[in-house]
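So the structure is just underneath, and the comments pick up after that.
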Amino acid sequence: MSRHNFNEVEKKWQSKWESEHTFKVEVDQAKPKSYVLEMLPYPSGKLHMGHVRNYTLGDVLSRYKKQKGFNVMHPMGWDSFGLPAENAAMQHDTHPGKWTYENIDFMRQQIKSLGMSYDWDREIATCHPKYFKHEQQMFIDFLKKGLAYRKESLVNWDPVENTVLANEQVVDGKGWRSGAVVELKKLNQWFLKITDYSEELIAGLKEITDWPEKVRTMQNNWIGKSQGMTIVFPVDNSDQVVEIFTTRPDTFFGASFIGISPNHAIALDLAKDNKDLAKFIEECNQTDTSEEAVAKAEKKGVDTGLRVKHHITGDLLPIYVANFVLMGYGTGAVYGVPAHDQRDFEFATKYKLPIIEVVKPLDYKGDDFKINDEAYTTYESVHFNSQFLNGLTVVEAKEKMMTYMEEHKIGRRETNYRLHDWGVSRQRYWGCPVPIVYCDEHGAVPVNSSDLPITLPDDVEFKSAGNPLENHPTWKHTTCPTCGKPAIRETDTFDTFFESSWYFLRYLDPRNEEQAFAQDKAKYWMNVDHYIGGVEHAVMHLLYARFFNLALRDCGYLDSSMESFEPFKALLTQGMICHETYKDEDGNWVFPDDVIKLNDGTYQHAKTRKKVTIGRVEKMSKSKKNVVDPDFIIRSYGADTARMFVVSDSPPDRDLEWTESGADGCWRFLNRVWRMVEEKSDIIQNIADQDSASFTGETKKIYSLIHKTIFAVEEELPQFQYNKIIARIRELTNSLSSMSLDDDHSQYVYKFGMEAVTRLLNPITPHITEEIWEVLFKKKTQLSQTPWIEYDKNFLVDDTVTIAIQVNGKVRNTLEVPKDISKEDLEKIALDDEKIKNNIAGKTIRKVIVVPARIVNIVAN
RNA sequence: GCGAGUGUGGCGGAAUUGGUAGACGCAAGGGACUUAAAAUCCCUCGCUAGCAAUAGCGUGCCGGUUCGAGUCCGGCCACUCGCACCA
C-alpha cells in the first residue's frame with residue numbers, strides 16, 4: 001500500500017493550477033462576484049505562522065465560493081514601504097529596495113508552496129513606482145479638493161542622531177539606539193482631513209453589520225464624538241481669555257481650577273519670562289508623543305499666577321499648566337472638577353486645590369456628600385450644592401446649564417471629536433515621496449501630473465545622521481512647476497498607512513498605467529465581501545481605509561452611484577498564533593526545535609545539553625524564540641497538514657496554540673482519508689448507484705449523516721467556523737470507517753460518503769483531495785473547477801429525537817421519542833419511566849415543564 | 001492611565017443562542033497485530049466516593065434572576081489587544 005506522497009503531489013497540483021490558470025479572474029457580468037481579501041503582508045523576510053493562518057482562512061472561503069459559482073477575486077500583494085527596510089539597510093549595509101524585493105521573491109515562493117488560490121497576475125508591490133505614481137496623484141487631488149493641508153506639529157526628535165523617531169523607537173523616553181533623551185520638536189507636516197468625514201465614518205459603522213461589534217465600538221470610541229460646551233473665561237486683570245471645552249457643563253459649580261496644555265499659546269507666551277514654567281514645559285516635552293505616555297505620567301503642573309473669575313459664583317480659579325491636558329483635543333484647556341474626575345482629583349490633591357462635591361448618588365439623602373480617596377464619577381447621579389441645578393439628574397442638569405450658559409453668553413454648545421486629522425509626513429527615505437515642490441515665490445506647489453511618479457534616488461547614504469533624502473546632494477533640487485525657477489522638493493515621504501488605504505482598489509485593475517483603477521471595474525468588484533486580518537488593525541488601518549474610500553468618491557475616483565462606500569462589507573479579525581516558551585538553566589530563551597524530551601519526562605537543549613524548563617504559552621515572537629518556521633512545517637508535513645492545523649483547533653478570532661502533536665494529528669487524519677479510499681478502490685470503482693429511498697437501518701443512518709454533514713459545512717463554512725467543519729467531517733469519517741460494507745447499499749453509501757469527505761475537505765486541503773479525485777475516483781475535471789456538492793434535504797431530519805428528562809433541573813434519564821410527539825404524551829412517557837419513578841418516589845410533583853423536542857423538567861419535593 | 005476583548009477537563013475547543021456541559025482533536029493509560037519497532041486498529045479517560053448501579057461536585061471568583069444559567073443581570077480577579085511615526 002502506498003502512502004500519500006505530499007511533496008510530489010503538492011508540487012504537481014500547484015503547477016497544474018498555475019499552468020491551467022485555474023484561479024485567474026476577470027470581470028464577468030453574468031456571474032455573481034465575491035471579493036475575498038486578506039491583509040497584505042509587510043515583506044519582512046520570511047513568512048510566519050500568522051500569515052499561514054490569515055491566508056488559509058481566506059483561501060478556504062475563496063475556494064468554496066468559486067465552487068459555489070461565484071466569480072471570485074482573491075489577490076495578494078506586498079505592503080513594501082516602511083521602517084524595517086531602512087533598519088536592515090543600516091545593519092546589513094544593503095539597499096532598502098534590494099532588501100525588500102529579495103524578501104518579496106522569497107516570501108512569494110513560500111506562499112505559493114502553501115497552494116493558495118491567488119490570481120498572481122494581480123500581484124502588486126506598494127513600493128513600485130507604478131503603484132505609488134497613482135498615490136501621488138491622489139494626494140494632489142486631495143490637495144485640490146481641500147482634503148490635504150500643511151500645519152505645524154510635534155515629532156519625537158533624537159538630538160544625537162538628528163532624526164525623527166517613531167514611537168516604537170522611543171524606549172522610556174530615550175532614543176532606542178542613541179539613548180539620548182527624546183525632545184519634542186515642531187515640524188511643518190502634511191495632514192489629511194479625515195475629520196471632515198467624522199460624521200460619515202460614524203454613520204457608516206451602522207451599515208457594516210458583518211463587522212465584529214468590538215471593532216465597531218473601538219472605532220466609534222476612537223472618533224469619540226462628544227457634545228459639550230466651550231466656555232470662555234476672561235483672565236482676571238487682563239484682556240486675554242481662556243477657552244475651555246467640557247462635556248460636563250453640569251459640574252460647573254464644582255470647578256476649582258483651569259488646566260491648560262504645556263503647548264497652549266498662553267503657556268508658551270508666559271514661559272518667555274518665567275524660567276520655572278519654561279523648565280516645566282521642557283520637562284513635559286521629554287515624553288514621547290504617545291497618548292499613553294501622557295496618560296501614565298504622574299500628574300504635574302505649574303501655577304501660572306493667572307486667575308479667571310467663575311461666571312456664576314464669582315470665585316477666582318487659578319490657571320495651571322498641567323501635563324495631562326492634551327493640546328490636540330478640544331481647546332487644549334479644561335476646567336478641573338476634582339470631586340468628580342479622577343485625574344483632576346489627583347492633581348487637586350497634589351496642589352491642595354479645593355474639592356467641591358456637586359453630584360451625589362441617587363439614593364443619598366443629605367446635602368453633606370463627601371468623597372474620600374477617589375473621585376465620584378457615577379453618571380447616574382443627582383446634583384446638589386449647585387444652585388439652580390439642585391435635585392436634577394446629570395442629564396437634566398447638563399441641558400439646563402447649557403441653555404443657561406448660552407443665554408448668559410458664558411459659552412457656546414459645541415460638538416467635539418477625539419479624532420484628529422491624519423498626519424502623513426514622515427522624515428524617512430523608504431516611502432512614497434510627497435509630490436510637492438517649494439518655491440520662494442509660489443510656496444508649496446504640487447508637481448505636474450505629467451511628471452509623476454516622483455521616484456526615490458538609488459544612491460543614498462544611511463550611515464550618516466538625518467533623512468537620506470534631505471542629505472542627497474542633488475535629488476531635492478528642481479524647478480518650480482509654476483514659474484520654472486529653481487525650487488526644492490519636499491523631502492518627506494508618506495506614512496505607509498497611505499499605501500494600505502487603497503491597495504484593495506488597485507488589485508482590481510493592477511496594470512492600469514493611466515489611472516489608479518478603472519471606475520467600472522471598481523463598480524463591479526467593490527466592495528470587499530470578506531476582509532481578514534489581525535485585530536491590531538481594528539482602529540487605524542481600517543479607519544484610514546474607510547476614510548480613503550469616501551475621499552476617493554469625492555475626488556471622482558469611485559462612481560458616486562455605487563450602493564455603499566464602506567470598503568469592507570464583512571470583517572474577520574483573527575487571533576494570534578501562540579506557542580509554549582522554553583528557557584534553559586541560564587535563563588536564555590530556547591527555540592522549540594532545540595528542545596528534546598528525555599525519557600524521565602524532563603527536557604533538554606539538543607545542542608548544549610542544558611536543562612530546559614517549559615514556560616507559558618505566549619504569542620509567537622522572535623524575541624522569545626517560541627516560533628516555528630512555516631517552511632519547516634511544509635517540508636516535514638506538507639502544505640495540506642499545515643493548512644488544516646491552522647484552521648482546525650481554534651475558532652478563527654481566538655488565539656491558536658501551535659503544537660507539534662496537533663499537526664501530527666492532522667497529518668494522520670489526511671493519511672487515513674487517503675487509505676480509506678485506496679483500500680476500498682475496487683468497491684469505489686465498481687459499485688453502481690443505488691436508490692436512496694430503499695436504504696434502511698445503519699445504512700440509512702449514515703447516508704443521512706452524509707447529507708447532514710454537507711448541510712452543516714454549508715452553514716458553517718461561510719462563517720469561518722472551520723474548526724467545527726473539521727470536527728463534522730471527522731465524525732463522518734469515523735462513521736464511514738465503522739461500516740461493514742456487506743451489501744450493495746452500504747458499499748454505495750461508503751463510496752458516496754468518501755466522495756463527500758473528499759469534496760468537503762477540498763477547500764481546506766486542496767492538494768490531497770485533488771489527487772484522490774483524479775487518481776482514486778478517476779475524475780477528469782479538477783476538483784477546484786467542480787461545482788460544490790449538494791445535500792438532499794429529505795435526509796436532514798430524523799424521525800425520532802432524544803430528550804432529556806430532568807428532576808428538579810438535574811438530568812435523570814434520556815428517552816428516544818418520535819419527533820412530533822404531543823406534549824401530553826411526552827409528559828406521560830416521562831412520568832412512566834422507571835428511573836424517573838425511582839427518583840421522584842416519596843416526593844410530590846409540583847410542576848411539570850414540557851418543551852417539545854427539547855426537555856422535560858419535573859419539579860418535585 | 002483611557003478604550004476594547006477573552007476566561008469551559010491534563011490541553012485546544014463543542015454546546016441547536018436559556019434546555020442532556022465536555023462533540024471533534026491532542027495528551028495519557030490499557031489491549032490487539034509484529035521477532036521487534038514504526039504505522040494501524042480497539043477500549044478507558046471532568047473531579048470525588050463506589051466493584052458497579054449510582055450519588056455529590058463542576059464552565060475564572062462572589063452574588064442574583066429562572067422550573068432550568070457556560071449562556072441573562074450586578075460586583076470582582078487574571079490575561080490579551082489598541083492608544084494616532086511598528087506594520
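So that the names make sense, note that chain A is the first sequence line, chain B the second, and so on, each numbered from 1.
- With both ends at atom P, the span from B/G82 to B/A87 equals 14 Å, rounded to whole Å.
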Shorter than 3.5 Å, N or O on both sides, protein versus nucleotides 64-67 of chain B: list them out with atom names.
{"residue": "B/C67", "atom": "O2'", "partner": "A/N857", "partner atom": "ND2", "Å": "3.2"}
{"residue": "B/C67", "atom": "O2", "partner": "A/N857", "partner atom": "ND2", "Å": "2.6"}

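- We find that CE of A/M676 is positioned 20 Å from P of B/A39, with the value rounded to whole Å.
- Note: A/F81 CZ to A/C432 SG = 6.0 Å, rounded to the nearest 0.5 Å.
- Counting non-hydrogen atoms of neighbouring residues, nucleotides and ligands closer than 6.0 angstrom, the NZ atom of A/K622 reaches no more than 12 such neighbours.
- For A/L815, the side-chain contact (heavy atoms from CB on, under 4.5 Å) partners at least two apart in sequence or on another chain are A/I805, A/N813, A/V817, A/I829, A/D833.
- RNA chain B forms stems at B:1-7 with B:77-83, B:10-12 with B:24-26, B:28-32 with B:40-44, B:46-49 with B:54-57, B:60-64 with B:72-76, each a run of 3 or more consecutive Watson-Crick or G-U wobble pairs whose two key distances fall under 3.5 Å.
- What separates NZ of A/K708 from P of B/U16 is a distance of 17 Å, to the nearest Å.
- Heavy atoms of A/S44 sit nowhere under 4.0 angstrom from any nucleic acid atom.
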Could you write out each protein N or O paired with an N or O of nucleotides 40-43 of chain B at a distance under 3.5 Å?
{"residue": "B/U40", "atom": "O3'", "partner": "A/R675", "partner atom": "NH2", "Å": "3.4"}
{"residue": "B/C41", "atom": "OP1", "partner": "A/R672", "partner atom": "NE", "Å": "3.4"}

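- Comparing the same atom, C1', in B/G19 and in B/C42 gives a spacing of 35 Å after rounding to whole Å.
- Separation of the A/F494 and A/W190 ring centroids does not fall under the 6.0 Å cut-off.
- For the pair A/I726 and A/M644, the minimum side-chain heavy-atom distance is below 4.5 Å.
- Annotation for A/K193: atom NZ does not count as buried by contact number, only 12 or fewer foreign heavy atoms lying within 6.0 Å.
- The ring of A/F347 has its center closer than 6.0 angstrom to the ring center of A/F324.
- Between the side chains of A/E161 and A/S178, not a single donor N or O lies within less than 3.5 Å of an accepting N or O.
- When distances run from any side-chain atom of A/D649 to the nucleotides B/A4, B/A14, B/G25, the shortest one goes to B/G25.
- Taken from CG in A/L37 to CE in A/M76, the straight-line distance is 8.0 Å, to the nearest 0.5 Å.
- Rounded to an integer number of Å, the gap from CG of A/D664 to C1' of B/A39 is 12 Å.
- The distance from atom CG of A/L205 to atom C1' of B/A4 is 14 Å, rounded to the nearest whole Å.
- A distance of about 15 Å separates the P atoms of B/U59 and B/C72, rounded to the whole Å.
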Please list each protein N or O that sits under 3.5 Å from an N or O in nucleotides 45-55 of chain B, with the distance.
{"residue": "B/A55", "atom": "OP1", "partner": "A/R812", "partner atom": "NH1", "Å": "3.1"}

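- Separating the P atom of B/C43 from that of B/C26 is a span of 14 Å, rounded to the nearest Å.
- Here the side chain of A/N285 pairs no donor or acceptor atom with the backbone of A/L184 at under 3.5 angstrom.
- Using a cut-off of 4.0 Å between Lys/Arg side-chain N and Asp/Glu carboxylate O, A/K296 and A/E292 are scored as salt-bridged.
- In this structure, B/G30 shows a glycosidic angle more than 90 degrees from zero, which is the anti conformation.
- Sorted by first then second residue, the side chain to side chain donor-acceptor pair (under 3.5 Å) pairs that include residues 416-434 of chain A, not counting sequence neighbours, are A/H95-A/Y429, A/T100-A/W430, A/Y149-A/D421, A/Q189-A/Q427, A/T195-A/D421, A/E199-A/Y417, A/E291-A/R418, A/W422-A/D495, A/R426-A/D495, A/Q427-A/D492.
- Within residues 340-347 of chain A, no residue has any heavy atom under 4.0 Å from RNA chain B.
- Per the geometry, CG belonging to A/D655 stands 9 Å off C1' belonging to B/U6, to the nearest Å.
- Among the protein residues, A/P41 comes within range of no part of the nucleic acid, since none of its heavy atoms lies under 4.0 Å from any strand.
- Taking the six-membered ring for Trp and thresholds of 30 and 60 degrees, A/Y503 and A/Y531 have ring planes inclined between 30 and 60 degrees apart.
- B/A21 and B/C86 have their C1' atoms separated by 43 Å, with the value rounded to a whole Å.
- Partners of A/E213 under the salt bridge (Lys or Arg N to Asp or Glu O under 4.0 Å) rule, at least two apart in sequence or in another chain, are A/R216.
- Residues A/V170 and A/W176 have side chains not in contact (no heavy-atom distance under 4.5 Å, counting atoms from C-beta outward).
- Note: NE2 (A/H541) to P (B/A87) measures 13 Å, nearest angstrom.
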Side-chain donor-acceptor distances from residues 844-861 of chain A under 3.5 Å, at least two apart:
{"residue": "A/R846", "atom": "NE", "partner": "A/N861", "partner atom": "OD1", "Å": "2.7"}
{"residue": "A/R846", "atom": "NH2", "partner": "A/N861", "partner atom": "OD1", "Å": "3.1"}
{"residue": "A/N857", "atom": "OD1", "partner": "A/G809", "partner atom": "N", "Å": "3.0"}

(request) Go along nucleotides 81-86 of chain B 5' to 3' and tag each nucleotide: B for a protein heavy atom under 4.0 Å from its base, S when only backbone or sugar atoms are that close, - otherwise. (result) -SBBBB

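- A/S261 is linked by a side-chain contact (heavy atoms from CB on, under 4.5 Å) to A/N263, A/H264, A/V325, A/M327, counting only residues two or more places apart in sequence or in another chain.
- Rounding to whole angstrom units, CG of residue A/L761 and C1' of B/C24 are separated by 14 Å.
- Contact check, A/R654 against B/G13: a side-chain N or O comes under 4.0 Å of OP1 or OP2.
- Within a 6.0 Å sphere centred on CG of A/N188, heavy atoms belonging to other residues, nucleotides or ligands number more than 12.
- Nucleotides B/G13 and B/U48 have their P atoms positioned 24 Å apart, rounded to a whole Å.
- Classified by its glycosidic torsion, B/U65 falls in the anti category, the angle being over 90° from 0.
- When heavy atoms are screened at a 4.0 angstrom cut-off, A/T217 is found touching the sugar-phosphate backbone but no base atom.
- In this structure, A/Y722 atom OH and B/G13 atom P are separated by 18 Å, rounded to whole Å.
- Taking the six-membered ring where the residue is Trp, A/Y55 and A/H51 present parallel rings, their angle staying beneath 30° rather than reaching 60°.
- Taking the P atoms as reference points, B/A52 lies 14 Å from B/G46, given to the whole Å.
- Among residue pairs with one or both ends in residues 642-671 of chain A, those qualifying as salt bridge (Lys or Arg N to Asp or Glu O under 4.0 Å) are A/D59-A/R643; sequence neighbours excluded.
- Between the C1' atoms of B/G9 and B/A14, the separation comes to 13 Å (whole Å).
- Remark: A/K151 qualifies as a cation-pi partner of A/F191 under the 6.0 Å distance and 45° angle criteria applied to the six-membered ring.
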